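As structure tokens, the structure follows; a few thoughts come after it.
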Amino acid sequence: MTRHVAIVGSGPAGFYCAEALCKKDPEVRVDIIDRLPTPYGLVRSGVAPDHQGTKNVWRVFDRTAMRDNVRYFGNVEVDRDVSVAELLERYDAVVLAVGVTEDRPLGIEGENLPGVYGSRQLSGWYNGHPDFSDLDPELRGPGIAVIGNGNVAIDVVRVLSRERDEMVKTDIPDYAMRKIESSEYTDIYMLGRRGPAQASFTTAELRELGEMTRTVAIVDPAQVPDEVHIDDPKQQKKMEKIVETLRSYSLDRPDDKPQRLHMRFFAAPVRILGEDHVTGLEVAVTELVDGRLKETGETYVIEVGTVVTAIGYLAKPLEGVPVATWGTCFENDAGKIADRLYAVGWAKRGPSGVIATNRGDSGDVAAKVYDELEDGGRAGGDGLAALLRERGVRVVDYAGWGKIDERERGAATEPTPRVKITSMADLLAAGE
Ligand code: NAP
């Protein structure tokens with residue numbers, strides 16, 4: 001008898017889970033459901049457009065999607081078109097790979113002023129995500145503040161700092177490139193509330209900030225420690241490289257290039273200034289006392305017309321599936337949410353880890369799903385398809401995605417890899 005698994009979300013965590021299940025048993029039917037007509041989640045619309053090499057992992061997912069026992073249900077949204085309970089009626093197991101979908105709020109005055117954007121919004125916009133392609137951010141200068149010291153903050157800074165020539169081999173939508181090159185900001189401030197040794201960005205990403213054509217990265221040498229001492233030898237090595245890179249930036253001069261990236265540490269945002277739009281950001285100088293973050297009492301204001309927060313994300317509950325009290329993932333025990341219901345990826349562990357992290361993590365959950373998988377005589381994908389038909393939901397299958405893909409690639413001229421279709425209506429038409 002056939003056993004049926006539904007995976008909700010077609011990003012890396014969902015696809016790695018599908019692949020692991022197929023490898024365990026090619027007889028298991030695996031259906032991947034996504035609210036967008038396009039698969040691959042953050043690989044398509046989170047990974048920065050100038051990281052095309054990273055995006056190439058789609059080829060691995062494509063092989064999984066082409067398996068005989070795997071079916072793709074695009075343009076199907078859980079809680080709009082079908083509930084988790086209804087999926088559980090039709091599938092022997094349901095795995096939520098829906099990621100985390102809300103920008104974490106800063107919780108400071110002025111946060112709701114026009115000119116403040118979350119990194120999810122902004123990176124969705126410059127990646128052509130249909131939810132954000134109409135964002136049309138103002139990118140007002142003279143400065144832009146990017147808050148956070150993780151790899152997402154670095155992505156945002158890099159994309160806002162690049163010039164057109166550096167982006168021709170990418171799939172950044174033309175509307176975003178035009179906005180970036182026509183905006184008149186000259187200074188970007190990347191603010192970390194703690195020090196360089198506590199930053200969560202990685203060395204390769206930090207190094208890229210030193211290789212931009214029009215933007216020079218600047219660091220105050222006084223903020224770079226002479227040496228770092230961390231107990232974990234691997235962390236120690238990583239931090240030494242980070243500090244060494246920052247030290248090299250501290251030798252650069254502000255007028256070396258037309259635009260400046262100021263990397264400021266021990267800088268915690270306390271108030272966004274402005275009446276009907278952002279005009280500045282008040283920053284508190286901080287220090288670490290016995291490892292704890294404290295404000296020194298000193299503050300300063302930076303003149304910015306735009307603020308981008310890149311400080312992490314929060315999960316959104318689904319009907320009957322609560323988010324954990326700390327807000328960043330579903331309540332789960334090593335991936336298990338409830339009987340026959342599981343979570344993988346950021347929905348399981350919160351927004352941490354790179355794409356490859358999901359290979360092992362989703363593999364572990366897939367092993368558990370498989371161990372507990374029993375044939376309940378459920379209808380699987382045919383049952384879901386019938387329900388969706390009844391509800392008039394227009395499903396985009398993997399062949400439909402193939403048509404979108406072909407259209408996007410066909411519209412591009414070398415060396416641009418694709419011209420993304422960025423509205424839902426156009427995606428649905430192309431996938432017809
Ligand atoms: P992250 O690495 O957790 O960084 C979040 C940053 O926000 C930290 O510096 C944190 O500071 C800061 N922050 C949190 N709350 C704050 C507040 N109220 N005020 C000021 N700063 C605040 O998260 P992320 O950058 O969103 O990245 C998510 C995951 O995706 C990470 O694992 C990342 O490596 C991965 N990713 C990888 C790549 C890549 O490989 N190229 C690209 C993008 C994302 P504290 O440390 O002080 O809390």
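Atoms within a ligand are numbered from 1 in the order they appear, just like the ligands themselves. It should be emphasised that the depicted structure is a prediction, and the values quoted were computed from it without experimental measurement.
Which parts of ligand 1 touch R194 is read off a 4.0 Å heavy-atom cut-off, strictly below it: atoms 45 (P), 46 (O), 47 (O). Listed by atom number, the atoms of ligand 1 under 4.0 Å from S352 heavy atoms are 32 (O).
The closest approach between P351 and ligand 1 falls below 4.0 Å for a heavy atom of the residue. Under a 4.0 angstrom heavy-atom cut-off, A268 registers as lying outside contact with ligand 1.
Side-chain polar atoms of E166 and T213 form a donor-acceptor pair below 3.5 angstrom. Side-chain contact check for Y313 and S119: at least one donor-acceptor pair (N or O, by modelled atom type) lies under 3.5 Å.
Not a single donor-acceptor pair under 3.5 Å links the side chain of D364 to the backbone N or O of D361. A donor-acceptor pair under 3.5 Å is absent between the side-chain atoms of S250 and the main chain of D220, judged by distance alone.
Looking at ligand 1, you'll find an N or O of E205 within less than 3.5 Å of one of its N or O atoms. Taking only nitrogen or oxygen atoms, main chain and side chain alike, D155 does not reach within less than 3.5 Å of ligand 1. In terms of polar-atom proximity, defined here as any N/O pair under 3.5 Å, W346 makes no such contact with ligand 1. In terms of N/O distances under 3.5 Å, ligand 1 is approached by S200. Among the atoms of V152, some N or O lies under 3.5 angstrom from an N or O of ligand 1.
At a threshold of 4.5 Å between non-hydrogen side-chain atoms, the residues T296 and T286 do not count as touching.
At least one protein heavy atom sits closer than 4.0 Å to atom 1 (P) of ligand 1.
Distances from atom 20 (C) of ligand 1 to the heavy atoms of R120, H51, R193 show the closest one on R193. Distances from atom 31 (C) of ligand 1 to the heavy atoms of G353, G150, A310, G192 show the closest one on G353.
Ring centroids of Y126 and F132 are separated by 6.0 Å or more, keeping the two rings apart.
Annotation for E181: atom CD counts as buried by contact number, over 12 foreign heavy atoms lying within 6.0 Å.
A parallel orientation is assigned to the rings of H262 and Y189, their planes being inclined by less than 30° (bins at 30° and 60°).
Here R253 pairs with D256 in a salt bridge; the nearest charged N to carboxylate O distance falls below 4.0 Å.
By the criterion of a heavy-atom distance under 4.0 Å, the side chain of I147, and not its backbone, is placed next to ligand 1. Here N149 has heavy atoms under 4.0 Å from ligand 1 in both its backbone and its side chain.
Summary of contacts: the protein heavy atom closest to atom 36 (N) of ligand 1 is N151 CB, 3.8 Å. Closest to atom 7 (O) of ligand 1 among all protein heavy atoms lies I311 CA, 3.3 Å.
Exactly one of K238, Q236, E244 qualifies for a side-chain contact (heavy atoms from CB on, under 4.5 Å) with E240. That residue is Q236.
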